[in-house]
Amino acid sequence: MSEESGGPAYGRDRDAEGRARSGRPRDGLGRPLPYGAAGVARQPEGVARAPGESVREAQRLLDAGMPFHAHEVFEDAWKSGPGGERELWQGLAQLAVGLTHAARGNATGGARLLRRGAGRVEGYADGGGDTHGVDVAGLLHWAGDLAARVERGAPVDAAAESPRLTGGRPPARRDGADGEGGSGGSDG
């Protein structure tokens with residue numbers, strides 16, 4: 001470790017297999033913090049889960065305001081799941097990263113990723129693939145609404161804006177709206 005930064009003395013941080021991997025702690029939106037700072041626990045990588053378990057774990061992380069971590073769950077699902085489901089999981093990961101960028105204040109990147117992810121999820125669902133209980137219509141509505149609001153400069157609180165992946169009553173939006181047409185999902 002370097003005396004000044006608390007980071008590695010030589011070269012890059014490495015994981016147990018020798019791959020480059022930052023050892024810096026991260027905040028809830030995945031932003032690196034200084035070495036030695038208190039961060040949030042990293043999402044373990046390479047975890048093979050059943051599809052429903054992936055959706056539930058991602059929802060838990062989204063509700064906690066940690067969409068970057070939710071994207072890692074979806075990334076594991078696309079890497080460990082059947083190849084035919086790749087578009088679904090990649091689309092969901094892009095939606096989570098879009099929310100991450102929007103919450104970090106990157107309106108352009110956030111809106112683009114929200115729309116790109118929605119397009120992937122929609123294309124997969126239109127092809128008749130198993131959506132594992134994901135409320136595709138509600139998620140597409142959430143993504144389009146959030147992308148439009150982000151482009152208009154609306155601030156985004158990741159927890160308050162988290163979508164309902166499997167439907168149900170969305171959480172109240174930070175701007176005081178009742179959630180209709182805003183935070184995702186459908187009533188029911």
Check: Which value, rounded to the nearest 0.5 Å, describes the distance between Gln90 atom CD and Trp78 atom CH2?
Finding: 4.5 Å

Margin query: Donor-acceptor check, side chain of Gln43 to backbone of Glu72, threshold 3.5 angstrom: yes or no?
Written below: no

Item checked: Arg164 with Asp63: basic N within carboxylate O range, under 4.0 Å -> yes

Item checked: Hydrophobic cluster identity match, Trp89 and Leu61, side-chain contacts under 4.5 Å -> no

Next item on the list: Would you mind reporting whether Val40 and Asp27 have side-chain heavy atoms less than 4.5 Å apart?
Entry: no

Next item on the list: Test Arg26 against Arg31 for side-chain contact (heavy atoms from CB on, under 4.5 Å), laying out the working first.
Entry: CA-CA 5 Å; Arg26 303 269 175 168; Arg31 292 176 289 216; 6.0 Å; no

Margin query: Could you walk me through whether Thr166 and Asp135 satisfy the side-chain contact (heavy atoms from CB on, under 4.5 Å) test, starting with their C-alpha distance in whole Å, then the side-chain angles of each, then the deciding distance to 0.1 Å, before giving a yes or no?
Written below: CA-CA 5 Å; Thr166 58; Asp135 175 12; 5.6 Å; no

Next item on the list: Compare every heavy atom of Ala58 with every heavy atom of Ala70, then report the nearest pair and how far apart it is.
Entry: CB-O, 3.7 Å

Note to self: To the closest 0.5 Å, what do you measure between CD (Glu87) and CD (Gln94)?
What the structure shows: 8.5 Å

Item checked: Gap separating the OG atom of Ser54 from the CD atom of Glu75, nearest 0.5 angstrom -> 12.0 Å

Item checked: Val97-Val156 co-clustered via ILVMFWY side chain contacts under 4.5 Å -> no

Next item on the list: List the steps and the verdict of side-chain contact (heavy atoms from CB on, under 4.5 Å) for Leu113 and His101.
Entry: CA-CA 8 Å; Leu113 282 163; His101 281 279; 3.5 Å; yes

Next item on the list: Mind checking the CD-OG spacing from Gln59 to Ser162? Nearest 0.5 Å is all I need.
Entry: 6.0 Å

Item checked: Closest heavy-atom pair and its distance - Ala159, Ala64 -> CB-C, 4.2 Å

Note to self: Under a 4.0 Å threshold between the charged nitrogen and the carboxylate oxygen, would Arg56 count as salt-bridged to Glu53?
What the structure shows: no

Notebook entry, point to check: What are the two closest non-hydrogen atoms of Gly30 and Arg104, and how far apart are they?
Noted result: C-NH2, 3.4 Å

Next item on the list: Decide yes or no for Val47 and Val73: does some side-chain heavy atom of the first lie under 4.5 Å from some side-chain heavy atom of the second?
Entry: no

Notebook entry, point to check: Can the ring centres of His71 and Phe74 be said to be less than 6.0 Å apart?
Noted result: no

Next item on the list: Please confirm whether the backbone N or O of Phe68 pairs with a side-chain atom of Thr100, one donor and one acceptor, at under 3.5 Å?
Entry: yes

Check: Rounded to the nearest 0.5 Å, how far does CG of Leu114 lie from CG of Leu140?
Finding: 11.5 Å

Next item on the list: State, with a plain yes or no, whether a side-chain heavy atom of Leu29 is found less than 4.5 Å away from one of Pro67.
Entry: yes

Check: Are Leu165 and Leu62 side-chain neighbours, meaning at least one heavy-atom pair lies under 4.5 Å?
Finding: yes

Check: Sub-3.5 Å donor-acceptor pair from the side chain of Tyr124 to the main-chain atoms of Asp130, do we have one?
Finding: yes

Next item on the list: May I ask you to say whether Glu151 pairs ionically with Arg115, meaning some side-chain N is under 4.0 Å from a carboxylate O?
Entry: yes

Checklist line | Test item: Arg120 side-chain N/O and Leu88 main-chain N/O as donor-acceptor pair under 3.5 Å | finding: no

Item checked: Under 3.5 Å donor-acceptor, Asp76 side chain and Gly46 backbone -> yes

Checklist line | In one Ile/Leu/Val/Met/Phe/Trp/Tyr side-chain cluster, 4.5 Å: Leu146, Leu139 | finding: yes

Check: Closest approach of Ala143 and Ala118, non-hydrogen atoms and distance?
Finding: CB-CB, 4.0 Å

Next item on the list: Give the cluster check for Leu95 versus Met66: same hydrophobic cluster or not, with ILVMFWY residues linked at side-chain heavy-atom distances below 4.5 Å.
Entry: no

Item checked: SB check Glu161 Arg149 (cutoff 4.0 Å) -> yes

Notebook entry, point to check: Above 12 or not: heavy atoms from other molecules or residues under 6.0 Å from CZ of Arg112?
Noted result: no

Check: Which atom names give the shortest non-hydrogen contact between His69 and Gly28, and what distance separates them?
Finding: ND1-O, 3.6 Å

